[in-house]
2 protein chains.
Amino acid sequence: MALSHAILVSLLDCPSSGYDLAKRFDGSVGFFWDASHQQIYRELAKLEAANHITAETIEQDARPNKKLYSVTESGKTFLMEWLDQSVSLCPIKDDLLVKLYGGYLIEPDAMVKELRQQRKLHQTRLVEYQAIEDRFFPDVEALSQKGTYQYLTLRNGIQFEQGWLKWCDEAIATLQSFVESPE
Amino acid sequence: MALSHAILVSLLDCPSSGYDLAKRFDGSVGFFWDASHQQIYRELAKLEAANHITAETIEQDARPNKKLYSVTESGKTFLMEWLDQSVSLCPIKDDLLVKLYGGYLIEPDAMVKELRQQRKLHQTRLVEYQAIEDRFFPDVEALSQKGTYQYLTLRNGIQFEQGWLKWCDEAIATLQSFVESPE
DNA sequence: TGGTCCATGTAAAACGTTACATGATTCC
DNA sequence: GGAATCATGTAACGTTTTACATGGACCA
């Protein structure tokens with residue numbers, strides 16, 4: 001149910017086309033939600049049918065035309081009703097941990113490689129987040145309320161990734177002993 | 001696709017009925033995967049049809065009969081093929097962060113309350129994880145390889161929850177200033 | 001001429017959620 | 001007498017993923 005809310009929050013921040021949204025969900029919005037362009041287009045169609053957003057067609061000459069979506073009053077009300085409800089913990093689903101749980105079935109060496117690979121991916125993401133922090137939030141004291149809220153979501157992403165790096169290091173160090181001296 | 005792998009990994013660790021699995025997914029397996037009993041029964045039927053698991057009916061007098069599932073050779077092969085493939089980062093979807101991103105639309109006071117509530121939920125989960133750590137992993141040095149792998153998944157859960165607590169505290173402290181002196 | 005970017009979508013299959021359904025036993 | 005536990009499922013619906021589809025502009 002929350003994809004619609006993620007889209008509304010993002011559109012409220014800045015009216016955009018489906019294509020733009022898809023890119024944002026792949027970038028900055030990506031630190032709290034993930035969605036493919038197919039999902040986004042379908043959800044936009046639904047939100048428009050429900051009058052929560054309106055589209056304005058922008059004619060472009062060197063490029064395909066695009067539809068610029070904005071949130072309506074009804075959409076804002078719909079979003080605020082959701083904001084007023086309390087949320088529960090999000091369910092955990094992590095392929096890597098399933099794999100690790102059954103890790104004893106494969107070579108310790110292969111598992112260490114996999115963890116190193118994961119560590120690299122998290123490292124890359126952390127660098128991206130930190131670049132956003134440096135570029136868009138250089139002076140935290142000077143932020144508006146809205147800016148502060150957005151900054152806090154970014155901080156969450158940064159802390160998460162740092163946690164991952166720390167855990168990967170711990171796990172790699174532990175498994176290293178199996179590689180050196182297998183039981 | 002990974003629900004099947006999570007079930008196989010868990011069944012390989014210990015043959016069980018659907019009911020038992022559902023409870024484990026709600027408990028210890030819950031720190032890396034989440035699934036309802038309906039999903040589990042459906043997936044078990046599929047896995048049995050694919051010959052990845054076999055069922056043995058256990059007659060019980062004071063209780064309903066149950067089907068005890070075990071992983072077949074074919075199931076083990078299927079799982080190991082998956083274990084050999086490298087996994088990508090798991091997509092992030094977090095209601096709380098969507099809410100926070102649009103947090104400027106509601107009262108700072110309401111947002112602080114919500115964060116306190118979340119903090120409590122994470123705290124509860126952390127205590128559960130630590131209880132598992134104390135009960136089942138009192139001597140980390142003495143663990144078998146299999147035990148070590150399972151311990152590492154638990155450590156991941158613990159670190160995560162500690163990260164959440166830290167972030168919640170940071171966020172609450174930041175928002176507190178809005179409650180005391182609104183812009 | 002081959003790839004990436006812009007821009008929008010459809011369709012089918014897999015996966016997840018919610019509600020419904022049953023029935024004995026055990027504990028308070 | 002009522003609730004929880006054990007134990008299994010079905011059905012409808014909603015969401016997500018994967019694959020397919022189009023077509024011009026721009027760059028090397």
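FYI, side chains are in, hydrogens and waters are out, and symmetry mates aren't considered; it's all heavy atoms of this structure. Below, chains carry the letters A, B, ... as their sequence lines are ordered, and counting in each starts from 1.
The aromatic rings of A:F31 and A:Y129 sit perpendicular, their planes meeting at an angle over 60°, well past the 30° parallel limit. Using cut-offs of 30° and 60° for the angle between ring planes, the A:H52 and A:F78 rings count as parallel. Taking the six-membered ring where the residue is Trp, A:Y149 and B:F178 present tilted rings, their angle falling between 30° and 60°.
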So which protein nitrogen or oxygen atoms get under 3.5 Å of nucleotides 3-8 of chain C's nitrogens or oxygens?
unit_1: C:dC6; atom_1: OP2; unit_2: A:Y19; atom_2: OH; d: 2.9
unit_1: C:dA7; atom_1: OP1; unit_2: A:Q60; atom_2: OE1; d: 3.3
unit_1: C:dA7; atom_1: OP1; unit_2: A:Q60; atom_2: NE2; d: 2.6
unit_1: C:dT8; atom_1: OP1; unit_2: A:K67; atom_2: N; d: 3.0
unit_1: C:dT8; atom_1: OP2; unit_2: A:Y19; atom_2: N; d: 2.8
unit_1: C:dT8; atom_1: OP2; unit_2: A:Y41; atom_2: OH; d: 2.9
unit_1: C:dT8; atom_1: O5'; unit_2: A:Y41; atom_2: OH; d: 3.4
unit_1: C:dT8; atom_1: O4; unit_2: A:H37; atom_2: NE2; d: 3.4

Identify all pairs in which a protein N or O lies below 3.5 Å from an N or O of nucleotides 15-17 of chain C, and state each distance.
unit_1: C:dC15; atom_1: OP1; unit_2: B:M1; atom_2: N; d: 3.1
unit_1: C:dC15; atom_1: OP2; unit_2: B:K46; atom_2: NZ; d: 3.2
unit_1: C:dG16; atom_1: OP1; unit_2: A:K93; atom_2: NZ; d: 2.9
unit_1: C:dG16; atom_1: OP2; unit_2: B:Q39; atom_2: NE2; d: 2.5
unit_1: C:dG16; atom_1: O5'; unit_2: B:Q39; atom_2: NE2; d: 3.2
unit_1: C:dG16; atom_1: N7; unit_2: B:R42; atom_2: NH2; d: 2.6
unit_1: C:dG16; atom_1: O6; unit_2: B:R42; atom_2: NH1; d: 3.3
unit_1: C:dT17; atom_1: OP2; unit_2: B:Q39; atom_2: OE1; d: 3.4

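The hydrophobic cluster containing B:I106 also contains A:L152, counting ILVMFWY residues as joined when their side-chain heavy atoms lie under 4.5 angstrom apart, directly or transitively. Put simply, A:L115 and B:V87 are part of the same group of oily side chains (I, L, V, M, F, W, Y) that touch within less than 4.5 Å, one to the next.
A 4.5 Å side-chain heavy-atom check between B:D13 and A:Y101 finds at least one atom pair inside the cut-off. Looking at B:L79 and B:V71, their side chains never come closer than 4.5 Å, going by heavy atoms from C-beta outward.
Whole-Å rounding puts the B:L21 CG to D:dT8 C1' distance at 13 Å. Note: CD1 (B:I40) to P (D:dA7) measures 15 Å, nearest angstrom.
A 6.0 Å sphere centred on CD of A:E107 holds no more than 12 heavy atoms belonging to other residues, nucleotides or ligands.
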